[in-house]
Amino acid sequence: MSSQSRSASASATTLRQPVTPELRAWIIEQAEAGFTGPVVLQSMLDAGWDEAVAVHAMETVLTDALRDKTQPGSAGAAAPKTAQRPIPEPDLSQSPARIDVGDREVEVLMSLHAPRVVLFGNLLSPEECDALIAAAEPRMARSLTVATRTGGEEVNDDRTSDGMFFQRGENDVVARLEARIAQLVRWPVENGEGLQVLHYRPGAEYKPHYDYFDPEEPGTPTILRRGGQRVATLVIYLNDPEQGGGTTFPDVQLEVAPRRGNAVFFSYDRPHPGTRSLHGGAPVIRGEKWIATKWLREREFR
Ligand code: PD2
Ligand code: ZN
């Protein structure tokens, strides 16, 4: 058994058995140390836990911990006692099938709470998707990612796509899309980074990662000067890859199929693996994949 799972060896009996305080503390400790859900689960399985019992315990503890974060007054709070700040969030309180974003009705296709993930349909028309690709295509170059070690940008082998950035409001389609996103997730246009367009060819992928900037990296304070942390992402699909190219959330074994005009939204209220916002772009197997990504910051991004 690996060192991070040493204390998980208590025996489990029934699925409905209450989770002991020791087990609760251990699961939270693992999550806070950055171990992903599947890794912690494997440690429990290695220690002899029944899979259904282990999954139930992890779900209970992590759901409670997230709820405690969003409802600071509740008992047994496991999260740091910091003031809750608002983050982008669509209004799904009345379980709408569609959300009016001014010039369009966006469909709500799926929603998950931990991690916070919402799948939208009809954010863009087919013509708008084509227009974005056409405007981006002449400016595509091998993708760079923000280098948290230095605060600059670097080619990243985990991302084998080509990309470019639009300025905020750079053309009509970009401005329209940004206004829709602002209404949809109730977050100021000014807090958004410029829209990024990525193009994946067969075999290209974006390995699982977090979109927030790692607070432990030395370059992060420099990056945060422009608008603070990233708090949410919208990945917008501009075409239909023939096979592969889904957006994956490995902690919850969720895969979103890329469909032209749809968008997957996910948010992370703190720069921490406990948000379970680990996600990746699965390899494109056949065809190609075009997406636009909108990252939302805490404050105005300039
Ligand atoms: O292409 C994707 O599905 C994808 C996956 C993970 C895009 C991003 N991250 C991103 O642009 O951050
Ligand atoms: Zn990402």
Side-chain angles (χ1 to χ4, degrees), residues 36 87-88 109-110 112 115-121 123-124 129 132-133 136 140-148 153-166 174 177-178 181 185 192-214 217 220 223 229-268 271-273 275-297 301:
T36 62
I87 56 168
L109 302 178
M110 190 278 298
L112 183 70
R116 185 61 174 142
V117 179
V118 183
L119 178 62
F120 295 112
L123 178 61
L124 287 176
C129 291
L132 278 177
I133 293 173
M140 301 303 279
R142 176 74 197 273
S143 291
L144 301 175
T145 48
V146 178
T148 42
E153 286 188 318
E154 63 187 4
V155 169
N156 180 347
D157 286 338
D158 287 347
R159 185 158 86 174
T160 49
S161 54
D162 293 335
M164 57 79 68
F165 278 94
F166 286 112
V174 168
L177 173 58
E178 289 171 339
I181 293 171
V185 303
E193 297 181 29
L195 196 69
Q196 184 188 48
V197 174
L198 288 184
H199 179 209
Y200 302 77
R201 294 188 171 77
E205 67 180 309
Y206 195 169
K207 298 227 176 88
H209 60 274
Y210 298 97
D211 282 353
Y212 57 73
F213 304 108
D214 184 344
E217 290 287 345
T220 293
I223 297 167
Q229 264 292 356
R230 287 177 176 165
V231 286
T233 306
L234 231 102
V235 174
I236 304 150
Y237 306 105
L238 303 179
N239 80 324
D240 295 328
E242 280 173 56
Q243 193 184 350
T247 303
T248 60
F249 293 84
D251 287 350
V252 287
Q253 281 114 52
L254 173 67
E255 178 160 348
V256 175
R259 290 286 174 270
R260 182 160 75 159
N262 287 6
V264 62
F265 164 82
F266 51 99
S267 63
Y268 23 98
H272 194 280
T275 56
R276 298 207 256 180
S277 61
L278 184 71
H279 65 284
V284 173
I285 298 170
R286 276 196 304 145
E288 52 185 338
K289 174 183 175 188
W290 286 87
I291 60 159
T293 302
K294 176 58 100 175
W295 288 293
L296 303 176
R297 298 286 190 106
F301 178 79

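Each ligand, and each atom within it, is numbered from 1 in the order the structure gives.
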Notebook entry, point to check: Which residue, L254, V235, I291, forms the side chain to side chain contact (heavy atoms under 4.5 Å, CB included) with V264?
Noted result: V235
Check: Which residue from Y206, Y200, F249, Y237 reaches closest to atom 1 (O) of ligand 1 through any of its heavy atoms?
Finding: Y200
Check: Should the ring pair W290 and H199 be called parallel, tilted or perpendicular, given that the plane angle runs from 0 to 90° and is split at 30 and 60?
Finding: parallel
Next item on the list: Check the side chains of T247 and Y206 for a donor-acceptor pair under 3.5 angstrom, ignoring hydrogens and angles.
Entry: no
Notebook entry, point to check: Numbering the atoms of ligand 1 from 1, which are under 4.0 Å from a heavy atom of T247?
Noted result: 2 (C), 3 (O)
Next item on the list: Any atoms of ligand 1 less than 4.0 Å from a non-hydrogen atom of T293? List them with their elements.
Entry: 10 (C), 11 (O)
Item checked: Heavy-atom closest contact (G246 atom, P258 atom, distance) -> CA-CD, 3.7 Å
Margin query: Using a 4.0 Å cut-off to any heavy atom of H209, which atoms of ligand 1 qualify?
Written below: 6 (C), 9 (N), 12 (O)
Check: Rounded to the nearest 0.5 Å, how far does CE of M140 lie from CD1 of I133?
Finding: 9.0 Å
Margin query: Check for me whether D211 has a heavy atom closer than 4.0 Å to any atom of ligand 1.
Written below: yes
Margin query: Among all protein heavy atoms in this structure, tell me which lies nearest to atom 6 (C) of ligand 1, with the distance rounded to 0.1 Å.
Written below: H279 CD2, 3.0 Å
Next item on the list: Taking the side chain as every heavy atom from C-beta outward, state whether L112 and F266 have any pair of such atoms under 4.5 Å apart.
Entry: no
Next item on the list: Below 4.0 angstrom from a heavy atom of I291, which ligand 1 atoms are there? Numbered from 1 as shown, please.
Entry: 1 (O), 2 (C), 7 (C)
Next item on the list: Evaluate the side-chain proximity of Y268 to R230: yes if any heavy-atom separation is below 4.5 Å, no if none is.
Entry: yes
Margin query: Which label fits Y210 and Y212: parallel for a plane angle under 30°, tilted from 30 to 60°, or perpendicular past 60°?
Written below: parallel
Notebook entry, point to check: Which of the numbered atoms in ligand 1 are below 4.0 angstrom from a heavy atom of G281?
Noted result: 2 (C), 3 (O), 5 (C), 6 (C)
Checklist line | Distance in Å, L123 CG paired with K294 NZ, rounded so as to fall on 0.5 Å steps | finding: 11.5 Å
Next item on the list: Considering heavy atoms of the protein only, find what lies nearest to atom 2 (C) of ligand 1 and give residue, atom and distance to 0.1 Å.
Entry: K289 NZ, 3.2 Å
Item checked: Minimum heavy-atom distance A282-T248, with the two atoms named -> CB-CG2, 4.1 Å
Checklist line | Protein N, O or S atoms lying under 2.8 Å from the Zn ion (ligand 2), listed by chain and number | finding: H209 NE2, D211 OD1, H279 NE2
